[in-house]
4 protein chains.
Amino acid sequence: MDSSTPASGISEGAARRRTGGRSARVRAEVLDAVGALLLEAGYDGLTVDAVAERAGVHRTTVYRRWRDVGGLLVDVLDAAADDTWTPPDTGSLEGDLAALNQEVYEALASGTGLTTALIAASFRSAEAAEALGRFWEDRYARCAVVVSRAAARGEIPAPADSRALLVAATAPVYHELLLLRTAPDPALPGRAAAATAAAARAGAFS
Amino acid sequence: MDSSTPASGISEGAARRRTGGRSARVRAEVLDAVGALLLEAGYDGLTVDAVAERAGVHRTTVYRRWRDVGGLLVDVLDAAADDTWTPPDTGSLEGDLAALNQEVYEALASGTGLTTALIAASFRSAEAAEALGRFWEDRYARCAVVVSRAAARGEIPAPADSRALLVAATAPVYHELLLLRTAPDPALPGRAAAATAAAARAGAFS
Amino acid sequence: MDSSTPASGISEGAARRRTGGRSARVRAEVLDAVGALLLEAGYDGLTVDAVAERAGVHRTTVYRRWRDVGGLLVDVLDAAADDTWTPPDTGSLEGDLAALNQEVYEALASGTGLTTALIAASFRSAEAAEALGRFWEDRYARCAVVVSRAAARGEIPAPADSRALLVAATAPVYHELLLLRTAPDPALPGRAAAATAAAARAGAFS
Amino acid sequence: MDSSTPASGISEGAARRRTGGRSARVRAEVLDAVGALLLEAGYDGLTVDAVAERAGVHRTTVYRRWRDVGGLLVDVLDAAADDTWTPPDTGSLEGDLAALNQEVYEALASGTGLTTALIAASFRSAEAAEALGRFWEDRYARCAVVVSRAAARGEIPAPADSRALLVAATAPVYHELLLLRTAPDPALPGRAAAATAAAARAGAFS
DNA sequence: CTTTAAGCGAGACGGTACGTCCGGTCTTATT
DNA sequence: AATAAGACCGGACGTACCGTCTCGCTTAAAG
């Protein structure tokens, strides 16, 4: 959900791998370059040449280790998934969902963020699509606790399908901002959260 | 919502415009070629060269009239919007939503359809993104009647925000199939429709 | 025989073809660049990139029209064959052969000339080898008159195998300078001519 | 003259040097690989990578010991010169020359032999060119006896320039097959031998 | 009907990026 | 401490598209 996490994940992973050794350093610099280029120029600006130049590394090195842009994205996404993000805990289901949606909203609202670029990339590279899927599955798994807490509090009937509930809450935000590309509406995250919470209370996901 | 409509829209429009003149014929053949190529090779296979060759037209002709691939997509999408599609009318809100979702589901489930290709294209070309947005807005506007009928039947409290309701119903299908890329689940359209209908009955969109 | 002729042939042809039109100009500049690079850097310096840069033309243009280095050489050689060279006429067979050999000697003695480079190239590119073969066949054909004049003068018994005679006369010069790479000996052309003339008078080629 | 001798020389030398010691074994395997690759793929197929792989040795080992492809060729040629070849002795000058030419002819006629590859290599690597020159000088020195025998028999006037005579005899064969690349003519070796013998009898090399 | 200008066919060009191969150097890990 | 394995840099290759340009030729529509 937190789409800004990948970015920090990249830097973090990079920092951690910079343990000496040329190979590790090269990898870190290349992945940093990928993140930076995606932010600045989007997926179309993410050419192997540009990555190599920015990373201060030779083109052939990138091809040797990552094969193509898809391989770079996979490495970036897998590194990004390797963080400590946890879902918010506001004390109520609607509050948690609204906070989640707010994170998504902020990551997508500009239309030029890293997340948008990664999603665009996932439509071009099957490997990147898979890696992005893995990233999201991991996030949804971490968020299951939001639903179980709500059930424990008696807000919603147990047992509930946490994944369906979370998708119902977040999907409209992705849909409006990524696909419909309507002008960002700050009320959107809360509205989607409220509707989903209402459905959940009515037992729609149990 | 009917994502297969663009395809038929293309052929239909093409047929209608084939009124004699060379220009009209060229346009029809080019747009047909675009659709066919999108289906066969996806957005990445949609090169100006390939379109021109397939349409039996010279490259420069395509550049002259459409400028680039984005222009081709705009033309295709605008032609696709020019049809007579109307939303289903099953007698109940949940039934209507489920039928809508089913159309979306079928258009997206394969992952290789024209719709998927157009959406992928919308991440690469700003013009195509806009045209796709217009197409979807048109569809949502036509679907408003589904919500007003439900209100008239007393299924849901009036007045209801038809757009928010429709987005809530369809977004999960797009989200699962396009972004999360989970394995297609035939129960998905109905489940999303049911949850949204429940929320609507609970007044979540009023 | 005159191995310096290719060089002049190139410039000449270039000048003649520079009759307007971008294509003709491009061709002329590229062929000039090939000749210059062969002289300066030998065959190993004759890369498509270097040719393109020197000709002030884009790499892809060279690939489009000449395909590869072999194609460039073929064009150069065919252009070079398109001249008005005629064999010397000194009044005696031995004098003619010595003059021919002197031309060969001068073209090869430095070891860095255009001719040497073209021959080196012919070992790398089958097309270039063929073109060079054509060039030399043309030269031998033009030289046949040297032999027929000698027969007409009664120097040698008629009929004589002009090609075998000419090869016998010139081959030692090529052999010493190109293959054995012995230090250039100014007496070599005359010696080979004298020996061959002696054999011819003895009826060795009749 | 015997251009097939290098090949046998390689194998022979290799076998002889396989006397234990990893270094010696490595050298033998690498030189074998060079010969095999030259035969199969010509000079252009003789890459350090291919040699190393075929010899079962690491790339860096080749670079350490031979520096580059030229160094490999020098080693091969010097090993090849280290044999016991002696010129034919048929009882007549013309017979000896014809036999010599026949050996040359057979080594060159296919156009794909090891000899051709080594000659091609000599146009690319100065070191290889030198080594090949040394190889040929050694061969011509061994052949001097052919001329002295002829003089002793009174076939030709003494003293004769054996080197010039031998070059005159063999050069046409090299010239036709390597440079002119005419279709191989089985009569060529004998014809060149006969013409040279005639010239020699006429005192052209004395 | 004619004419006339917009549109098309044809082909070359400059340019960016691709992905590969190879030469040669340098670093890391091993022993 | 020496060396084998492996990664790197650098240059060239040949290809695919992109988008532009210039020339003729057709042909649809205006006079």
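Lettering follows sequence order; numbering is per chain, from 1.
- Within the 3.5 Å criterion, the main-chain N or O of C:Ser23 finds a donor-acceptor partner in the side chain of C:Arg65.
- Residues C:Tyr43 and C:Ala117 share a closest heavy-atom pair of CB-O, 4.1 Å.
- Under the 3.5 Å distance criterion, the side-chain polar atoms of A:Arg181 are matched with a main-chain donor or acceptor of B:Ser122.
- For the contact set between residues 120-129 of chain D and DNA chain F, defined by any heavy atom under 4.0 Å, there are no members.
- Rounded to an integer number of Å, the gap from CH2 of B:Trp66 to P of F:dC18 is 15 Å.
- Put simply, the residue from C:Asp32, C:Asp78, C:Asp75 that forms a salt bridge (Lys or Arg N to Asp or Glu O under 4.0 Å) with C:Arg27 is C:Asp75.
- Straight-line distance from the CG atom of D:Leu72 to the C1' atom of E:dG24: 14 Å, rounded to whole Å.
- To the nearest 0.5 Å, atoms CG (D:Leu39) and CG (D:Leu114) are separated by 5.0 Å.
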For this session: Show the numbers, then the answer: is there a side chain to side chain contact (heavy atoms under 4.5 Å, CB included) between C:Thr47 and C:Val69?
Result: CA-CA 7 Å; C:Thr47 68; C:Val69 171; 5.9 Å; no

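- When rounded to the nearest whole Å, the span between OH of B:Tyr63 and C1' of E:dA10 equals 15 Å.
- Between B:Arg27 atom CZ and F:dA28 atom P the separation is 18 Å, expressed in whole Å.
- Interatomic distance, CZ of C:Phe123 versus CG of C:Leu118, reported as 12.5 Å (0.5 Å rounding).
- For C:Arg59 against E:dG15, no side-chain N or O and base N or O form a donor-acceptor pair under 3.5 Å.
- Using a cutoff of 4.0 Å between basic side-chain nitrogens and carboxylate oxygens, C:Arg54 and C:Glu40 are scored as salt-bridged.
- DNA chain F is contacted by C:Thr47, C:Val48, C:Asp49 of residues 45-53 of chain C, taking any non-hydrogen atom closer than 4.0 Å.
- For C:Thr60 and E:dG15, a side-chain-to-base donor-acceptor distance below 3.5 Å is present, hydrogens and geometry of angles not being considered.
- In this structure, A:Arg64 reaches the bases: a heavy-atom distance under 4.0 Å links it to at least one base atom across the strands shown.
- Taking the side chain of B:Asp68 as heavy atoms from C-beta on, and the options E:dA10, E:dC18, F:dG19, the nearest nucleotide is F:dG19.
- The separation between B:His58 atom NE2 and E:dA12 atom P is 10 Å, rounded to whole Å.
- Taking for each of D:Thr61 and C:Val69 the nucleotide of DNA chain F with the nearest heavy atom, the 5'-most of the two is the partner of D:Thr61.
- Across all non-hydrogen atoms, the minimal contact from A:Val48 to A:Arg59 is CG1-O, 4.4 Å.
- Residue A:Arg65 is classed as a sugar-phosphate contact, given heavy-atom separations below 4.0 Å to backbone atoms only.
- With hydrogens and angles left out, the side chain of A:Arg67 and the base of E:dG19 share no donor-acceptor pair within 3.5 Å.
- Taking atom CG of C:Asp44 as the reference point, atom P of E:dC22 lies 16 Å away to the nearest angstrom.
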